[in-house]
Q: 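Pasting a structure here, questions to come.
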Amino acid sequence: MNQNSIGNKIKELRTLQNLTQFELAEKANLSISLISKIEIQEENIKINTLKNIAKALNTNIESLLKKEDKHSLNEEVIINKLNKLDEQSKKDIEKIINQLIDYAIKKDEK
């Protein structure tokens, strides 16, 4: 994957998680200018930097390097958020999701 794609992936994950460049920089223990340069492809990414960014975004290096469509990327963000919840909250959300899916299926059948 080229540098451009990695920078775009980092920016997309960051924005999906409602993080500013400053917040990501703090979480990854990096400078805001480095995050900015990576996102706009002005800086080569060292492996340790990539590890820090991946950890800060609750993902792994492989996810940042592999090509995915937006649908898969959104699933990863949702799963990471769900993993932070307690078991009862997870069950409640699962029930709501199942109800929404059942509603969508019935609507499509009409």
Side-chain angles (χ1 to χ4, degrees):
M1 175 171 279
N2 64 33
Q3 186 76 22
N4 186 338
S5 297
I6 295 170
N8 289 337
K9 176 79 70 86
I10 289 168
K11 182 177 182 178
E12 187 172 8
L13 272 172
R14 176 181 62 76
T15 56
L16 283 170
Q17 294 181 33
N18 296 316
L19 293 173
T20 64
Q21 287 182 340
F22 177 79
E23 291 167 329
L24 176 57
E26 278 193 333
K27 287 179 79 170
N29 201 27
L30 301 168
S31 71
I32 189 171
S33 64
L34 180 58
I35 297 295
S36 177
K37 288 178 182 178
I38 288 169
E39 287 185 357
I40 61 173
Q41 298 86 47
E42 287 184 359
E43 184 76 27
N44 289 327
I45 305 172
K46 296 179 181 172
I47 192 70
N48 285 337
T49 300
L50 195 57
K51 285 179 186 177
N52 290 350
I53 291 171
K55 184 176 180 182
L57 291 172
N58 300 313
T59 190
N60 54 51
I61 291 176
E62 294 80 18
S63 293
L64 293 176
L65 296 176
K66 93 177 152 179
K67 188 173 183 176
E68 297 179 17
D69 60 22
K70 284 189 173 205
H71 180 71
S72 297
L73 188 60
N74 288 331
E75 288 174 358
E76 181 179 333
V77 171
I78 290 168
I79 289 168
N80 285 331
K81 287 181 179 183
L82 285 171
N83 286 334
K84 294 178 183 178
L85 299 175
D86 62 72
E87 288 305 311
Q88 185 58 50
S89 295
K90 288 178 186 177
K91 288 178 184 177
D92 292 343
I93 290 172
E94 180 183 13
K95 184 177 178 181
I96 292 167
I97 290 171
N98 283 328
Q99 290 172 344
L100 289 170
I101 291 170
D102 290 344
Y103 172 78
I105 290 170
K106 288 177 184 174
K107 185 176 131 188
D108 287 343
E109 290 174 349
K110 291 181 180 182

Q: Ion pair present between Lys90 and Glu87, side-chain N to carboxylate O less than 4.0 angstrom?
A: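 Answer for the salt bridge query: yes.
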Q: I need the minimum non-hydrogen distance between Ile10 and Glu39, along with the two atoms involved.
A: CG2-OE2, 4.1 Å
Q: Hey, are the side chains of Ile38 and Leu30 touching, using non-hydrogen atoms and a 4.5 Å cut-off?
A: no
Q: Could you check whether any side-chain heavy atom of Ile32 comes within less than 4.5 Å of a side-chain heavy atom of Thr20, counting everything from C-beta outward?
A: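 No. Closest side-chain heavy atoms not under 4.5 Å.
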Q: Distance check, rounded to the nearest 0.5 Å: Leu85 atom CG versus Ile93 atom CD1?
A: 5.0 Å
Q: To the nearest 0.5 angstrom, please state how far the CG atom of Asn52 sits from the CD1 atom of Ile45.
A: 12.0 Å
Q: Would you say the side-chain atoms of Ser63 and Asn60 include a donor-acceptor pair closer than 3.5 Å?
A: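 Yes, side-chain donor-acceptor contact under 3.5 Å.
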Q: Between atom CG of Leu50 and atom NZ of Lys55, what is the distance when rounded to the nearest 0.5 Å?
A: 14.0 Å
Q: To the nearest 0.5 Å, what is the distance between CD on Gln88 and CG on Asp86?
A: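 Here the interatomic distance stands at 7.0 Å.
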Q: To the nearest 0.5 angstrom, please state how far the CG atom of Asn29 sits from the CG atom of Leu24.
A: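 Asn29 atom CG to Leu24 atom CG measures 11.5 Å (nearest 0.5 Å).
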Q: For Ala54 and Ile61, which heavy atoms make the closest approach, and how far apart are they?
A: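 That closest heavy-atom pairing would be CB-N, 3.8 Å.
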Q: What distance separates Ser5 OG from Glu12 CD, expressed to the nearest 0.5 Å?
A: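 If we round to the nearest 0.5 Å, Ser5:OG and Glu12:CD are 11.0 Å apart.
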Q: Taking Leu57 as the starting point, is it possible to reach Ile47 by hopping between hydrophobic residues whose side chains are less than 4.5 Å apart?
A: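 Shared cluster, yes.
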Q: With side chain to side chain contact (heavy atoms under 4.5 Å, CB included) as the test, pick out the partner of Glu94 among Asp92, Ile97, Asn98.
A: Asn98
Q: Within the side chain of Gln41, is there an N or O that forms a donor-acceptor pair under 3.5 Å with the backbone of Gly7?
A: no
Q: State whether the number of non-hydrogen atoms from other residues, nucleotides or ligands found under 6.0 Å of Lys27 atom NZ is greater than 12.
A: yes
Q: Just wondering, do Ile53 and Ile35 contact through their side chains at under 4.5 Å, heavy atoms?
A: yes
Q: Can you see which heavy atom on Leu19 is nearest to which on Glu23, and at what distance?
A: CA-OE1, 3.2 Å
